[in-house]
Asks: 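Structure provided below as structure tokens; questions to follow.
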Amino acid sequence: MSSEVFFSSMAFSKYNPDETLPAKFERMLKASGIAENLKGKKVAIKIHVGAGLTFSTIPPVFLRILARFVHESGGECFFTDHYVASRHPEHRGYTAENLGAPVLDDCGYFGKYFYTKEVDYKSFHHVDIAGLIHDADFLIDFSHVKGHGSCGMGGACKNIAMGCVTDRTRHQIHSLEGGLEWNADACLHCGECITNCNHGANSFDENGVYQINYHNCTVCQHCVKVCPTNAIKMTDGRFSDFQKGMAICTKTVLDTFEPQNIFFINLLTQITAVCDCWGMTTPALVPDIGIMASRDIAAIEKATLDAIKIEDLIPQGLPAGTQLSGKGHLFEQLHGKDPFVQIKHLEDEGLGTGDYYITKID
């Protein structure tokens, strides 16, 4: 049985505010049918607050519309992510005054408020669910879609599996793909790997030997991606295992909620090559597409991938000189990882279906 995915396009026929994407988003929320489930609920809205000079995160206007919709439906809401204080979301307009709801760290200010659920998949054993996510009555997973060096695509699944848990869980999931190895002969000691690590997990010792502090390292592969000589590489490349771990984590988090108390929104604008956590925004890979929403995570992720086409590639969205592989989806050609693997594992975990139909909201 196929699942419904709401879609509003960037396309417009005349210069009228009512034809713009935020206006369509308001109509999409009303058409979604979730208003009746929001009454009297504490609603966690999971977003990505970005970092540094990022400006491709979800524009505040959409978040303000969503907060108003929740309040008008009789619910109370807050926006949330991890590492909120240290990433200064106010620099990107994410404040309670601008959005109409507070922006809170999902594991608390010190990152120590969570609930542990045991899982058993290879070396993955602990899903530490962020306390504020766990305690909410309703979850809205609002994702800015982009490419991702680890996940292939950063969308609804990544926003949960990497954003609603602790560093310990992120490390265990990333480690399913493999470890890191350093080639001393290829290393320029340029320091790019150090400055681009979000976790302070790497360094060079007094002899110039590359060191990794695996207590801090989440194996996010930022160091791998930025190394100009490929001196740092993944040891195994077990991408399917990694995606299986992502799906298991996502299911564990979502099992906290009743099925009718979960909703997914994917924003398909300013779709860049890498995640917003890099602290920068590069040019878009494809023209802006629109916005999607669904109660089914597998369906919305599949619809999202299908909408992003290699034929629409904007060359300026890639670093100069980048050569695509010519195989598969645009994100696979860019990062060497098939993002559709994610859909299969979501389905295997009982998280919906990749078989969907589109309901267009104009």
Asks: Please determine, by modelled atom types, if S325 and Q333 share a side-chain donor-acceptor pair under 3.5 angstrom.
Replies: no
Asks: Share the residues that join L132 in a hydrophobic cluster, the rule being Ile, Leu, Val, Met, Phe, Trp or Tyr side chains under 4.5 Å apart at the heavy-atom level.
Replies: F78, L104, Y113, Y115
Asks: Return yes if a side-chain donor-acceptor contact under 3.5 Å exists between E301 and N266, otherwise no.
Replies: yes
Asks: List the residues meeting ring-ring contact (aromatic ring centres under 6.0 Å, His included) with F242, not counting sequence neighbours, and say none if there are none.
Replies: H174
Asks: Is there a side-chain hydrogen bond (donor to acceptor under 3.5 Å, both in side chains) between S2 and D355 once you walk through the steps?
Replies: CA-CA 5 Å; S2 57; D355 184 9; 4.7 Å; no
Asks: With a 4.0 Å cut-off on N to O distance, would you call D135 and K42 a salt bridge?
Replies: no
Asks: Between E19 and S13, is a side-chain hydrogen bond (donor to acceptor under 3.5 Å, both in side chains) present by the stated rule, with each step listed?
Replies: CA-CA 8 Å; E19 292 223 358; S13 60; 2.9 Å; yes
Asks: Does H48 reach the main-chain N or O of F142 with its side chain, forming a donor-acceptor pair under 3.5 Å?
Replies: no
Asks: Quick one: salt bridge (charged side-chain N to carboxylate O under 4.0 Å, His left out) partners of K158, sequence neighbours excluded?
Replies: none
Asks: Can you pull the salt bridge (Lys or Arg N to Asp or Glu O under 4.0 Å) pairs that have at least one residue in residues 244-258, sequence neighbours excluded?
Replies: K244-E349, K251-D255
Asks: Can you see whether K117 engages H126 through a side-chain donor-acceptor pair at a distance of less than 3.5 angstrom?
Replies: no
Asks: As a quick check of understanding, evaluate salt bridge (Lys or Arg N to Asp or Glu O under 4.0 Å) for D128 and R168, giving each step before the final call.
Replies: CA-CA 8 Å; D128 299 328; R168 176 171 72 162; 2.9 Å; yes
Asks: Does a donor on one side chain sit under 3.5 Å from an acceptor on the other, for Q243 and E177?
Replies: no
Asks: Run the side-chain donor-acceptor check on residues 20-38: report pairs under 3.5 Å with partners two or more places apart or on a different chain.
Replies:
from, atom 1, to, atom 2, distance (Å)
T20, OG1, P17, O, 2.7
K24, NZ, S9, O, 2.7
K24, NZ, A11, O, 2.7
E26, OE1, R68, NH2, 3.0
R27, NE, D362, O, 2.7
R27, NH1, D18, O, 3.4
R27, NH1, D18, OD1, 2.9
R27, NH2, D18, O, 2.8
R27, NH2, D362, O, 3.3
S32, OG, L29, O, 2.6
S32, OG, I34, N, 3.3
N37, OD1, R295, NH2, 3.0

Asks: Side-chain donor-acceptor pair under 3.5 Å between S240 and H345, yes or no?
Replies: yes
Asks: Can you find a side-chain donor-acceptor pair between D105 and T80 that sits under 3.5 Å?
Replies: no
Asks: So, the side chain of T359 versus the backbone of F6: is there a donor-acceptor pair under 3.5 Å, distance only?
Replies: no
Asks: What residues form a ring-ring contact (aromatic ring centres under 6.0 Å, His included) with Y15, not counting sequence neighbours?
Replies: F12
